Number of protein chains: 2
Amino acid sequence: MIVKSTPRSYSSPARAAAADETRARILVAARTLLGDGKGLPPFSLDNVAKQAGVTRLTVYNQFESKRGLLEAVFDDVAEEGGLTELPAVFAEPDIDVALRRFVSVFCRFWSGHGSAGPLMPKFGALAKLDPETAASLRLRTERRRQSLTVLVKRLLPDAPKPSAELVDVLFALTGFEMFEALSARNRSAAAVEVLVQELVAQTVARYRGGK
Amino acid sequence: MIVKSTPRSYSSPARAAAADETRARILVAARTLLGDGKGLPPFSLDNVAKQAGVTRLTVYNQFESKRGLLEAVFDDVAEEGGLTELPAVFAEPDIDVALRRFVSVFCRFWSGHGSAGPLMPKFGALAKLDPETAASLRLRTERRRQSLTVLVKRLLPDAPKPSAELVDVLFALTGFEMFEALSARNRSAAAVEVLVQELVAQTVARYRGGK
DNA sequence: ATATTGGATATACATACTGTATACTCAACT
DNA sequence: AGTTGAGTATACAGTATGTATATCCAATAT
């Protein structure tokens with residue numbers, strides 16, 4: 001008795017490599033169109049595909065949907081955006097230094113990501129308009145709040161009460177929206193970081209000093 | 001010699017009144033769909049028209065385009081949102097009181113506008129995705145920066161240098177994004193206002209105290 | 001009373017975007 | 001030599017914005 005056709009499955013080297021490369025090209029294209037380039041076409045799967053030299057259906061093959069592409073872009077950006085330094089920040093013994101470095105890491109993160117200017121503005125707007133995308137973005141940004149919770153616990157070991165409040169304030173001060181608002185008048189990313197550092201420092205002092 | 005047909009133009013009472021009423025109905029519908037109601041359909045001209053009991057083309061008649069509708073919504077909201085108190089705030093002789101009232105006015109403004117919850121989140125997202133809408137929204141929010149410039153001038157009469165910097169920081173602290181970020185964990189609008197007031201107060205103290 | 005006007009409607013059309021379905025091409029692997 | 005899998009070609013459905021044309025009807029003007 002002969003089994004007719006056992007579907008033989010693959011695990012191919014070159015095939016996968018090529019696929020990864022087109023996937024990477026699509027991500028680059030998406031990041032380009034999410035930037036604030038002036039002559040660039042608006043962000044749509046069609047335009048992303050064209051920019052990547054690929055069919056729109058290939059985008060669907062790789063990323064399932066527009067939402068999937070956006071999530072992948074965010075993760076891609078996060079990976080190479082300096083957020084990998086965070087473990088080192090947490091290892092920092094001096095809590096004040098750790099907090100300063102934390103602020104620094106995120107200011108550089110918000111300030112842009114290589115290619116075509118900061119992409120967070122458009123990205124955030126697109127995310128807000130789709131509830132599910134908003135939810136998955138929230139999952140990712142809440143990690144920052146978790147990190148701040150840990151730092152605040154080290155900062156106020158004998159917590160009175162409102163340490164959650166301090167966490168929320170620091171979360172707001174280190175968020176992208178604050179960074180963007182302070183970037184008015186062509187203020188450089190470094191100058192914005194100085195302002196954020198001062199706001200954070202004074203706030204921490206207020207909560208630590210008994211208030 | 002008789003002039004054939006002078007196009008007789010109107011200035012009609014009842015017609016205009018009826019038109020104003022449908023216009024108002026459309027605005028209400030738009031605000032409803034911009035809110036965060038859960039069972040509501042998404043914001044689109046078609047859904048706005050349906051909600052208003054009107055044809056989509058009537059929306060175009062009244063507001064030219066989606067952008068026009070959004071701008072009209074913002075102006076409508078601004079008019080009845082307490083921003084009319086601002087002149088009184090400026091008339092306030094005590095500058096510290098004036099600044100506190102300024103913060104209070106905007107916190108209440110951001111917190112919601114009658115109908116169906118706060119509409120600024122969706123509104124801001126939609127505005128950011130269309131450059132022209134973004135520009136017209138910026139025109140409107142820059143008034144807040146102008147106001148703050150005036151207040152800061154009164155606050156630091158013998159201005160050293162960085163008063164523009166203080167304006168930008170206060171602008172960021174009193175913006176919608178800050179309000180939204182601090183509204184985490186179901187914090188009430190009043191509680192958020194307290195936090196903003198403290199941030200503003202400490203920042204002003206820092207710039208006034210020499211530093 | 002009759003003609004006109006202006007707001008609103010009905011219907012149709014052009015364009016663009018997301019998402020799905022089916023059949024096909026071609027290089028990589030067994 | 002045959003199969004697999006990433007990518008393509010083409011088509012279709014549903015929704016969105018925006019434009020064009022003809023029509024309805026009550027509020028006005030003569």
Side-chain angles (χ1 to χ4, degrees), chain A residues 3-27 29-30 33-34 40-71 122 125-127 129-133, chain B residues 2-27 29-30 33-34 41-71 122 125-127 129-133:
Chain A
V3 175
K4 239 346 183 2
S5 71
T6 313
R8 54 180 174 185
S9 59
Y10 265 55
S11 54
S12 58
R15 263 314 176 211
D20 281 9
E21 206 204 319
T22 65
R23 185 186 171 90
R25 271 217 317 283
I26 296 172
L27 282 176
L33 266 53
L34 279 172
L40 291 175
F43 182 85
S44 76
L45 294 191
D46 224 338
N47 289 331
V48 167
K50 263 176 211 148
Q51 181 81 15
V54 154
T55 307
R56 186 165 62 93
L57 270 145
T58 302
V59 179
Y60 278 99
N61 266 358
Q62 287 289 342
F63 300 99
E64 187 82 6
S65 66
K66 188 178 184 179
R67 183 154 59 232
L69 175 58
L70 284 174
E71 291 174 9
K122 262 189 206 170
L126 287 168
L129 289 182
D130 177 44
E132 302 201 41
T133 309
Chain B
I2 299 175
V3 176
K4 240 346 187 1
S5 71
T6 314
R8 54 181 176 188
S9 58
Y10 266 56
S11 52
S12 57
R15 265 299 171 228
D20 281 9
E21 207 204 318
T22 65
R23 185 184 170 91
R25 272 218 316 283
I26 295 173
L27 282 177
L33 266 54
L34 279 172
F43 182 85
S44 76
L45 294 190
D46 224 338
N47 289 331
V48 168
K50 263 176 210 147
Q51 181 81 15
V54 154
T55 307
R56 187 166 62 94
L57 271 147
T58 303
V59 180
Y60 278 99
N61 267 359
Q62 287 289 343
F63 301 98
E64 187 82 5
S65 66
K66 188 177 184 180
R67 182 154 61 232
L69 175 59
L70 285 173
E71 291 174 9
K122 261 190 208 171
L126 287 169
L129 290 183
D130 177 44
E132 304 201 39
T133 309

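In what follows, chains carry the letters A, B, and so on, assigned in the order in which the sequence lines appear, proteins first and then strands, with residues in each chain numbered from 1. From a predicted model like this one, the values you see are computed outputs, not experimental measurements.
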Report all side-chain donor-acceptor pairs from residues 46-60 of chain A shorter than 3.5 Å, counting only partners two or more places apart or in another chain.
{"unit_1": "A:N47", "atom_1": "ND2", "unit_2": "A:P42", "atom_2": "O", "d": "2.9"}
{"unit_1": "A:N47", "atom_1": "ND2", "unit_2": "A:S44", "atom_2": "OG", "d": "3.3"}

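The nearest pair of heavy atoms linking B:K122 to B:L33 is NZ-O, 3.3 Å.
A:F63 places a side-chain heavy atom less than 4.5 Å from the side chain of A:R23. B:L126 has its side chain within reach of B:L34: a pair of non-hydrogen atoms, C-beta onward, lies under 4.5 Å apart. Proximity of A:L69 to A:I26: side-chain heavy atoms (C-beta onward) are separated by under 4.5 Å at one or more points.
If you measure from atom CG of A:L70 to atom P of C:dC17, you get 15 Å, rounded to the nearest angstrom. The separation between B:R15 atom CZ and D:dA29 atom C1' is 14 Å, rounded to whole Å. Here D:dA6 presents its P atom at 14 Å from CZ of A:F63, a figure rounded to the nearest Å.
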**Report entry** Per-nucleotide protein contact string for nucleotides 7-18 of chain D (B base, S sugar-phosphate only, - none; heavy atom under 4.0 Å)
**Finding:** BSBB-----SBB

